[in-house]
K.L.:
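Can you keep this structure in mind? I'll have questions shortly.
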There are 2 protein chains.
Amino acid sequence: MSRSPELNQKMRDERREAILHHALGLFAANGLHATKISDIAERAGMSQGLLYHYFRSKEEIYTELIRGAFERMNAAALGLEALDMPPREKIELALTQLVKGIEEGEEFARMVMLNAQAGISEVTPPEARRILSEQSGVPYAVVERILRAGQREGTIKPHDAGEMSVAFWTAIKGLALHKAVYGAEFRAPDIRILTSMFFNEEESNG
Amino acid sequence: MSRSPELNQKMRDERREAILHHALGLFAANGLHATKISDIAERAGMSQGLLYHYFRSKEEIYTELIRGAFERMNAAALGLEALDMPPREKIELALTQLVKGIEEGEEFARMVMLNAQAGISEVTPPEARRILSEQSGVPYAVVERILRAGQREGTIKPHDAGEMSVAFWTAIKGLALHKAVYGAEFRAPDIRILTSMFFNEEESNG
DNA sequence: GTCTATATCCAGATAGAC
DNA sequence: GTCTATCTGGATATAGAC
């Protein structure tokens, strides 16, 4: 009755994913230290002992989540930059997608919280800290370049592009924080409130 | 050689303040659980045992910090609202002061982090949770009222005032988060990037 | 692969000497 | 008031049975 190696591997991967998924919810809410490995195991529907067959330690789970978050975020940012689209529309698309992501699911807001905690805390695992220091600048740099391109076209306000990029990402992170606190009650503000930080006013109307 | 009761009380208060001050730095960085009472005692320059003469438990210190943060924040918000000043200038003043507070010291950003954690975490002490649920809405409501008054004057954009208030505070919290991560490297964006979310464009120039 | 039981460690809080 | 020493509980990680 032995299953094929492929099926075994698939089940193993699914278990791993389940652990990561539930760990994210707990870490984002309570932080690395206050999250008990027994809670993760319970939510993932397995015994505490079995969890150690998938990850060496709590820190390894945490680090894996940080790694995944940056991989996806940076790939999305670079993908956005590569689109064949006017800079101003790229900014609008990014804000729309990000706010939608925050509004609709818990996952995105959790990822933001996790990264914020990891960036601040002194007890962040070394490997997670390394990933953070190497990769956390990418989205800022991407948005700054897009804004600069828009300034050359005259569609983006002439403020310092680096400062506007900080305003862009801190606004998003602030909204994610808000979502993490208020959960389902959260209603995102109209996207146009945010875009007005960056877009030159149009003389014509829509 | 017995000191006066007044002097004794004063020294006692100063010790208490020192504990609270150092605890805030640690809690904001690492959270309630990951902060060791021995670390707080060490930074405050006293033994672990002595700390228990000033506070019953770690949770009590935490709750006291939350209480103080809301007292000051809500007093400041209500004070701002009571000023004899056009609504638009109140918003500008508030943003200027808040951003300056974030930029210049660690204290303000730490308070924001503490409140964010407390709002999210499931292990937040019950009393702290009570304070949060009773008082966290005040600054949002104040800003919303000021924005509404500005809309009646025509100086504030006609977006939903509640949504703009959320945009206001999440932008501030996002900046505080950023400061908490980047510390001394942090440079605040030009205040005008933020005000453009709320202010109607002026036809005349300055 | 999966579970239960346990060794080990560490932090919060207390007791008691000075 | 202040310290050191200790009790106690709880969480991580491991060992070992099935």
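None of these values were measured; they are calculated from a predicted model. A note on names: the letters A, B, ... follow the listed sequences, proteins ahead of strands, and every chain is numbered from 1.
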K.L.:
With B:Arg88 as the cation and B:Phe198 as the aromatic partner, state whether NZ or CZ is under 6.0 Å from the six-membered ring centre and within 45° of the axis.
P.N.:
no
K.L.:
Whole angstrom is fine here: how far is it from CE in B:Met46 over to C1' in D:dT4?
P.N.:
16 Å
K.L.:
Which whole-number value in Å describes the distance from A:Glu59 CD to D:dA11 C1'?
P.N.:
12 Å
K.L.:
For the residue pair B:Met46 and B:Ile19, establish whether any side-chain heavy-atom pair is separated by less than 4.5 Å.
P.N.:
yes
K.L.:
Rounded to whole angstrom units, what separation is found between the NZ atom of A:Lys58 and the C1' atom of D:dA13?
P.N.:
12 Å
K.L.:
What is the distance, to the nearest angstrom, from the CD1 atom on A:Ile40 to the P atom on D:dA13?
P.N.:
10 Å
K.L.:
Can you sort out which residues in residues 12-37 of chain B have a heavy atom within less than 4.0 Å of DNA chain D? Ascending by number, please.
P.N.:
B:Arg12, B:Arg15
K.L.:
Which word best sums up how the rings of B:His178 and B:Phe186 line up, parallel for under 30°, tilted for 30 to 60°, or perpendicular for over 60°?
P.N.:
perpendicular
K.L.:
Looking only at side chains, do B:Asn30 and A:Ser121 share a donor and an acceptor under 3.5 Å apart?
P.N.:
yes
K.L.:
So do A:Gln151 and A:Met164 actually touch side chain to side chain, heavy atoms under 4.5 Å?
P.N.:
yes
K.L.:
Kindly compute the distance separating CZ (A:Arg129) from CD1 (A:Ile66), expressed to the nearest 0.5 Å.
P.N.:
10.5 Å
K.L.:
Within the 4.5 Å heavy-atom criterion, are A:Val112 and A:Leu175 side-chain neighbours or not?
P.N.:
no
K.L.:
How many whole angstroms separate atom CD of B:Glu60 from atom P of C:dA13?
P.N.:
10 Å
K.L.:
Hey, does B:Thr63 have a side-chain heavy atom less than 4.5 Å from the side chain of B:Phe55?
P.N.:
no
K.L.:
Rounded to the Å, how far apart are A:Leu51 CG and C:dT2 P?
P.N.:
12 Å
K.L.:
Could you check how far CD of A:Gln48 sits from P of C:dC3, rounded to whole Å?
P.N.:
12 Å
K.L.:
Considering every strand and a 4.0 Å limit on heavy-atom distances, what is the contact class for A:Tyr54: base, sugar-phosphate, or nothing?
P.N.:
sugar-phosphate
K.L.:
Provide, to the nearest angstrom, the distance between the CG atom belonging to A:Leu50 and the C1' atom belonging to D:dT12.
P.N.:
16 Å
K.L.:
With the criterion being N/O to N/O and under 3.5 Å, what pairs connect the protein with nucleotides 16-18 of chain C, and how long is each?
P.N.:
none

K.L.:
Taking for each residue the nucleotide of DNA chain D with the nearest heavy atom, is it B:Gly49 or A:Tyr52 whose nucleotide lies nearer the 5' end?
P.N.:
B:Gly49
K.L.:
Is the Lys NZ or Arg CZ of A:Arg12 less than 6.0 Å from the centre of A:Tyr54's six-membered ring, within 45° of the axis?
P.N.:
yes
